[in-house]
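Data block below; observations after.
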Protein chains: 2
Amino acid sequence: MADEKPTRRRNAEETRSAILASARRAFAESGYDGAGLRGIAEAAGVTAMMVGRYFGSKEQLFAEVVADTMRDPVILSADNLGSPQMAREFARALVGLSTPGQAVLDGFRVMWASGGSEVAARIAREQIRTVHHATAEGLVRGDHAPERAAILLSLVAGVQLMRQQIGLPALADADPEVLAGLLEPVIAVVLGVA
Amino acid sequence: MADEKPTRRRNAEETRSAILASARRAFAESGYDGAGLRGIAEAAGVTAMMVGRYFGSKEQLFAEVVADTMRDPVILSADNLGSPQMAREFARALVGLSTPGQAVLDGFRVMWASGGSEVAARIAREQIRTVHHATAEGLVRGDHAPERAAILLSLVAGVQLMRQQIGLPALADADPEVLAGLLEPVIAVVLGVA
DNA sequence: CTTGCAAGTCTACACTCGTATACTTATATC
DNA sequence: GATATAAGTATACGAGTGTAGACTTGCAAG
């Protein structure tokens, strides 16, 4: 057989994903402007220049990070669309009690971290529109689906922001079960499955 | 009479508030890191050094801007506490159909703009806790008031973020009356006045 | 073993940031 | 009108940023 890539010389693929993971963490923690390429590279075990080699620019790196977190636009399985059960599952996912859609929740952290940077905001905007479209088509039913999907995303973004970034005690330290119980009827109203 | 301050020499007070207003706009637009002292000063008609003279440092300037937007922690008048009417007024205020609490809504824009900056995040955190406390005490009734107040603030922050910063079309371009109509029952559930 | 080429590093450049010091200008009082 | 003083400006510095080009090193094939 040809065996074109037997062991990976100095591990190009692995380095690339290491940079991506490091960047994701750095952007979520320090924001687009706050995270430096030198720090991202160092955490990945390489030099800052490798970032430029692999991703072209900081802007493109951020775009790839955001796209990576949003890779799975389906927040919930489509098993129980339109049922009250959906609101419960959504609420539990939002407070971290279930795993599906965690990548998307991470994505909101990254996007919030975009701060006011022009390029970061543009990238975040495009990704959010994609997610919004998927949500409006796949999750929300009835009248004003786009608007209700947008309200749902706003709630998700706001809760993530307050929990993860601000660390508002009433949300960050609260019992997830209690939070899920409080969020469920709210989400049900938004989804129109109350 | 003494007439201690007849016409104000070169208008110290006015310059100070001009810088404050300019900073508020710049922070909301470009974020804490993105907004530069030179740009803020230029928009206020002075040099960058005046900012240092009047506020000491960029960090202190930001703190004062945030405190300024949060000066009025009462989002709504306490006239109809606990009535379903309250949810309606709150919803209309949130989409800009009524004026009360607009400063606080601006505040969430400024705070989102804090991005991942350490100092900005800390300042935003403190202010949000103050508002949260006021909300939990004055607006929300019943069980789990702190948690429900936090969910309400999350919704406010998320909607502001999506409308003003991201510019999600479904929210930014939608008819405010429609949006208010959709938000009203959601807020009613959060407030427990449904 | 030699050689080609990708993987990775070093050094440096142009730029912007926040801030400090020294200077200039306008205003109000004597 | 002279003068003290606050308001405002000019210049510059050191640090940190993203990025570019030349260099070095390791791996795999001839």
Side-chain angles (χ1 to χ4, degrees), chain A residues 1-20 22-23 26-27 29-65 113-120 123, chain B residues 1-20 22-23 26-27 29-65 113-120 123:
Chain A
M1 4 179 171
D3 200 17
E4 304 211 2
K5 298 163 182 177
T7 54
R8 275 290 180 275
R9 327 202 169 188
R10 255 181 300 187
N11 249 344
E13 197 97 359
E14 193 172 298
T15 300
R16 189 190 151 89
S17 61
I19 294 175
L20 207 60
S22 169
F27 283 139
E29 255 176 42
S30 312
Y32 180 79
D33 291 315
L37 283 162
R38 285 170 176 80
I40 291 174
E42 190 180 9
V46 289
T47 320
M49 301 294 54
M50 296 313 297
V51 179
R53 259 219 198 297
Y54 279 106
F55 297 92
S57 69
K58 185 184 187 180
E59 179 175 346
Q60 290 173 325
L61 171 65
F62 183 76
E64 204 137 345
V65 168
S114 70
S117 171
E118 195 52 47
V119 294
I123 292 165
Chain B
M1 10 184 165
D3 200 16
E4 303 211 4
K5 297 164 183 177
T7 56
R8 276 287 181 275
R9 330 204 167 180
R10 254 181 312 190
N11 248 344
E13 198 98 1
E14 194 172 297
T15 300
R16 190 190 150 91
S17 60
I19 293 175
L20 208 60
S22 169
F27 283 139
E29 257 176 40
S30 312
Y32 181 78
D33 291 315
L37 252 44
R38 285 170 176 81
I40 291 174
E42 190 180 9
V46 291
T47 320
M49 300 296 52
M50 297 312 296
V51 179
R53 260 219 196 296
Y54 279 107
F55 297 91
S57 68
K58 185 184 188 181
E59 179 175 347
Q60 289 173 326
L61 170 65
F62 184 76
E64 204 137 345
V65 167
S114 70
S117 171
E118 195 52 46
V119 294
I123 292 165

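Reminder, nothing fancy here: chain letters follow the sequence lines and each chain counts from 1. All values below come from the heavy atoms of this structure, side chains included, with hydrogens, waters and symmetry mates left out.
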Is there any protein nitrogen or oxygen under 3.5 Å from a nitrogen or oxygen in nucleotides 22-25 of chain C, and what are the pairs?
residue	atom	partner	partner atom	Å
C/dT25	O2	B/Arg10	NH2	2.9

message = Counting only side-chain nitrogens and oxygens, does A/Thr15 get under 4.0 Å of the OP1 or OP2 atom of C/dA7?
response = no
key: Integer-rounded Å distance: C/dG8 P and A/Phe55 CZ   = 12 Å
key: Length of the CD-P vector between A/Glu14 and C/dA7, whole Å   = 13 Å
Nucleotide D/dG18, atom C1' - distance to CG of A/Asp33 in whole Å = 12 Å
inquiry  = For B/Glu64 versus B/Phe55, what's the shortest heavy-atom pair and its separation?
reply    = OE1-CD2, 3.8 Å
inquiry  = Which heavy atom of B/Ile40 sits nearest to which heavy atom of B/Ser22, and what is that distance?
reply    = O-OG, 2.7 Å
ask   = Taking atom C1' of D/dT9 as reference, at what distance in whole Å does atom CD of B/Glu42 sit?
value = 14 Å
query = If you take all heavy atoms of B/Val51 and B/Ala41, which pair is closest and at what distance?
reply = CG2-CB, 4.1 Å
inquiry  = Please encode protein proximity along nucleotides 11-16 of chain C as a string of B, S and -, counting only heavy-atom distances under 4.0 Å.
reply    = -B----
inquiry  = Let's go through A/Tyr54 and A/Thr15 carefully: what are the C-alpha distance in whole Å and the side-chain angles of both, what is the deciding distance for side chain to side chain contact (heavy atoms under 4.5 Å, CB included) to 0.1 Å, and is it a yes or a no?
reply    = CA-CA 9 Å; A/Tyr54 279 106; A/Thr15 300; 4.0 Å; yes
inquiry  = Counting the atoms with a prime plus P, OP1 and OP2 as sugar-phosphate, which does B/Gly36 contact under 4.0 Å by heavy atoms, base, sugar-phosphate, or nothing?
reply    = sugar-phosphate
inquiry  = Counting the atoms with a prime plus P, OP1 and OP2 as sugar-phosphate, which does B/Tyr54 contact under 4.0 Å by heavy atoms, base, sugar-phosphate, or nothing?
reply    = sugar-phosphate
ask   = Just how far is it from atom CD of A/Glu59 to atom CD1 of A/Ile123, taken to the nearest 0.5 Å?
value = 5.0 Å
Length of the CE-P vector between B/Met50 and D/dA7, whole Å = 7 Å
remark   = When rounded to whole Å, the CZ to P distance for the pair A/Arg16 and C/dA7 reads 12 Å
task = Would you indicate what A/Ala44 reaches in the nucleic acid, counting non-hydrogen atoms under 4.0 angstrom: base, sugar-phosphate, or nothing?
result = nothing
query = Any sub-3.5 Å donor-acceptor pair from B/Lys58's side-chain atoms to B/Tyr32's backbone N or O?
reply = yes
request  = Specify the residues of residues 56-65 of chain A, ordered by number, for which at least one heavy atom lies under 4.0 angstrom from an atom of DNA chain D.
outcome  = A/Ser57, A/Lys58
Whole-Å gap separating P (C/dG18) and CZ (B/Phe27) = 8 Å
Main-chain N/O of A/Glu14 paired with A/Ser17 side-chain donor or acceptor, under 3.5 Å = yes
